[in-house]
Each structure stands twice: as structure tokens, then as C-alpha cells.
Chemist: 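Got a structure for you, questions after.
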Amino acid sequence: VDVLKSRLFTSTAEVIALVEERFGVTFSRSGMIKLLHRLGFGYRKPKALPRLPSVETQEAFVATYESLLNGLNARDQVVFCDAVHPEYQTRPAHGWIADGDPVAVSRTTGRQRLNLHGALNLETGACHIVEGEVVNAETTTALLSRLLTAYPEAGTVHVILDNARYHHAKVVRKWLEANGQRLNLIFLPPYAPNLNAIERLWAVLHKMVTHNKAHQSFDDFVAAVQTFFRETLPSQWHRIRDVVSDKFHIIDRDDFRVLA
């Protein structure tokens, strides 16, 4: 058991070979699978961990965020900003399927995608979107300008965003000097998507638009994405809000056995 825990065996055949070499006992594939289940093992993927900041850094951001919320003026607004690149590709996803039912989903062809720069207001569910050929400094300033237009009465619009290079671009800095008096940019710790609430909205977008969905054309795919933002999100925000929230998860790498 200790050997099985010390490294990741990617096939049942590897475990069968190990047991035969060490103990001289031969198992069939089905017999080994039953034994592994009895020993408490399951066949699953390891969790993909981002390059995380320290727990202390994550906790410090959460404390700063809570302090921000507690000190907001009545008309101030807070939004979470990030980019998403939904692809015109069917994504097979898990679901409950009857035994023996040969369920399949058609694959789409092509690698076209949308490049969206968004800002989400958790209080209202409003998601402000800018589309571009690429996401860059120009889409950043366009999105910030849209936020100023969307919240004309806000004393300050607090924008929480990651450290993508285009967010720090010279073009953005110059634009802020001229236009950003009502904007307060708050940068997340590096490599901390778990602290950006809009990342959870992107997961909902994929679940509703790409998971087990085969759109007949790229135009149909684009229409489905637009419907999500224009109709589904506003009408179902009261439900989506339970998933897309600012209940941040602090991730500690020491809680995982990280493979080399």
C-alpha cells in the first residue's frame, strides 16, 4: 500500500506487474481492480494546482477585500474582472447515464473561439463584456470605460483583477491618468484564480454553453454565448449567485501530495 501511495500508477497493468514482481502473485485485471477498491483506492485524476501564493498572502487579500466591503460608500461599486476564451468545441462532461446506454455527443469542427473581457458585479449580477480579436490593453481600457458609463453615480468603481501583462500596460496607465479618477484597480496576488469570483462565472458559462452541447455552426455557438449573458445570467442570477460568490477558498499546497 505504501508503494501505491508513493507514486501514481496510471494503469491496472502496472500494479499487477508490481505485485507479481514483489510477491509472486498474479492477478487478473478485474481481480486487481476489486483489490484496489477494497484498499481504498479509486481511479481518478490528480487535481491541477495553479502556482499558488502562500496561504498568508491569500488570507491577506481576503482581509483587504472584506475591509473594502465594510468601508464602501453607498454608491460605490465593486467588480471582478477577467478574460475568458470560449472555444467552438464540444466538451463532453460527466452526467448520470443508464448502464448500457451508448450516449455520445457530436464533436464540432474547427478551433474558432471568442475573446471576451468581462467585469462582474456580484451585488447585481451585471456582467459587462467587451469582445476583441484578442484580449489586450485596448480591451482593458474599453472595459474600464464601459464601467464608468455603467455606473455614472458611483463615487468609486473598485475593479479587482489579475496581473495579466496587459492590465499593467503603458497604454492602460496613460488611459487611467486621463480617465481613471473614479476607478480603483485592486490587483490580486499572482497566480490566485481562486480569489477571482468571475472565474466561477466562466465555469457556469462553459457548463451551460459548451458541456455536452454540439452547436451546428460557429454563429450558433456565438448566439448561445450571447444568450447566456443577455438572458440566462440576468434571469437566473438568483440561482447562479449561490455558485458565483465571494466565499473564497484558501488553497494550501501542503494539503496535497504534489507529484514531482
Chemist: If you take all heavy atoms of Asn194 and His249, which pair is closest and at what distance?
Modeler: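 Of all heavy-atom pairs spanning Asn194 and His249, the closest is ND2-O, 2.8 Å.
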Chemist: Is there a path of hydrophobic side-chain contacts, each under 4.5 Å between heavy atoms of I, L, V, M, F, W or Y residues, that connects Val130 with Val222?
Modeler: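 Result: no, two separate clusters.
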Chemist: Would you name the heavy atoms of Asn163 and Leu188 that are closest together and state the gap between them?
Modeler: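 Looking at all heavy atoms of both residues, the shortest contact is ND2-O, 2.6 Å.
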Chemist: If you look only at pairs with a residue in residues 27-46, which of them pass as a ring-ring contact (aromatic ring centres under 6.0 Å, His included), with sequence neighbours excluded?
Modeler: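 Those involving residues 27-46 do not exist here.
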Chemist: Are any of the side-chain heavy atoms of Val209 and Lys213 separated by less than 4.5 Å?
Modeler: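 SC-SC contact between Val209 and Lys213 ruled out.
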Chemist: A side-chain contact here means heavy atoms from C-beta on lying under 4.5 Å apart; do Asp254 and Val55 qualify?
Modeler: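 SC-SC contact between Asp254 and Val55 ruled out.
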Chemist: Are Arg146 and His117 side-chain neighbours, meaning at least one heavy-atom pair lies under 4.5 Å?
Modeler: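 No. Closest side-chain heavy atoms not under 4.5 Å.
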Chemist: I need the minimum non-hydrogen distance between Ile198 and Phe80, along with the two atoms involved.
Modeler: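 Closest approach of Ile198 to Phe80, heavy atoms only: CD1-O, 3.4 Å.
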Chemist: Could you tell me if Arg7 sits above the aromatic ring of Phe9, with its cationic atom closer than 6.0 Å to the ring centre and no more than 45 degrees from the axis?
Modeler: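 Checked: cation-pi criterion met.
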Chemist: Checking Phe218 against Leu114 for the side-chain contact (heavy atoms from CB on, under 4.5 Å) test, could you report, in this order, the C-alpha distance in whole Å, the side-chain angles of both residues, the deciding distance, and whether it holds?
Modeler: CA-CA 10 Å; Phe218 182 66; Leu114 294 172; 4.1 Å; yes
Chemist: Checking side chain to side chain contact (heavy atoms under 4.5 Å, CB included) between His158 and each of Leu69, Val79, Leu72, which is the one that passes?
Modeler: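 Exactly one pass, corresponding to Leu72.
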Chemist: If Ile, Leu, Val, Met, Phe, Trp and Tyr residues are connected whenever their side-chain heavy atoms lie under 4.5 Å apart, and connections chain through other members, are Leu8 and Ile33 in the same group?
Modeler: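 Different clusters.
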Chemist: Side chains of Phe256 and Pro46: closer than 4.5 Å at any heavy-atom pair?
Modeler: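 Contact flag for Phe256/Pro46 side chains = no.
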Chemist: Would you kindly confirm whether Val103 and Val105 end up in one hydrophobic cluster when ILVMFWY residues are joined by side chain heavy atoms under 4.5 Å apart?
Modeler: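 No.
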Chemist: Do Thr139 and Asn115 make a side-chain contact, defined as non-hydrogen atoms from C-beta onward lying under 4.5 Å apart?
Modeler: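 No, too far: nothing below the 4.5 Å cut-off.
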Chemist: Looking at Leu185, Val172, Asp162, which one forms a side chain to side chain contact (heavy atoms under 4.5 Å, CB included) with His167?
Modeler: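 So, applying the side chain to side chain contact (heavy atoms under 4.5 Å, CB included) to His167 and each of Leu185, Val172, Asp162, only Asp162 qualifies.
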Chemist: Same cluster for Val225 and Trp237 if Ile/Leu/Val/Met/Phe/Trp/Tyr side chains link at under 4.5 Å?
Modeler: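 They do share one cluster, since a chain of ILVMFWY contacts under 4.5 Å joins Val225 to Trp237.
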Chemist: Keeping Asn196 on the side-chain end and Cys81 on the backbone end, is there a donor-acceptor pair under 3.5 Å?
Modeler: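 Yes, because the side chain of Asn196 sits within donor-acceptor range (under 3.5 Å) of the backbone of Cys81.
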Chemist: Pro53 and Gln58: which non-hydrogen atoms are nearest, and at how many Å?
Modeler: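 Answer, listing the atom of Pro53 first, then Gln58: O-NE2, 3.1 Å.
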Chemist: Would Val159 and Tyr166 show up in the same hydrophobic cluster when neighbours are defined by side-chain heavy atoms closer than 4.5 Å?
Modeler: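 Different clusters.
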Chemist: Do the non-hydrogen side-chain atoms of Arg182 and Thr156 ever get within less than 4.5 Å of each other?
Modeler: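 They are not in side-chain contact.
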Chemist: What closest approach, in Å, do Leu195 and Phe248 show between heavy atoms, and which atom pair accounts for it?
Modeler: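 Heavy-atom minimum between the residues: O-CE2, 3.2 Å.
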Chemist: Specify the closest pair of heavy atoms between Leu120 and Gly125, including all atoms of both residues, with the distance to one decimal.
Modeler: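 For Leu120 versus Gly125, the nearest heavy atoms are CD1-O, 3.9 Å.
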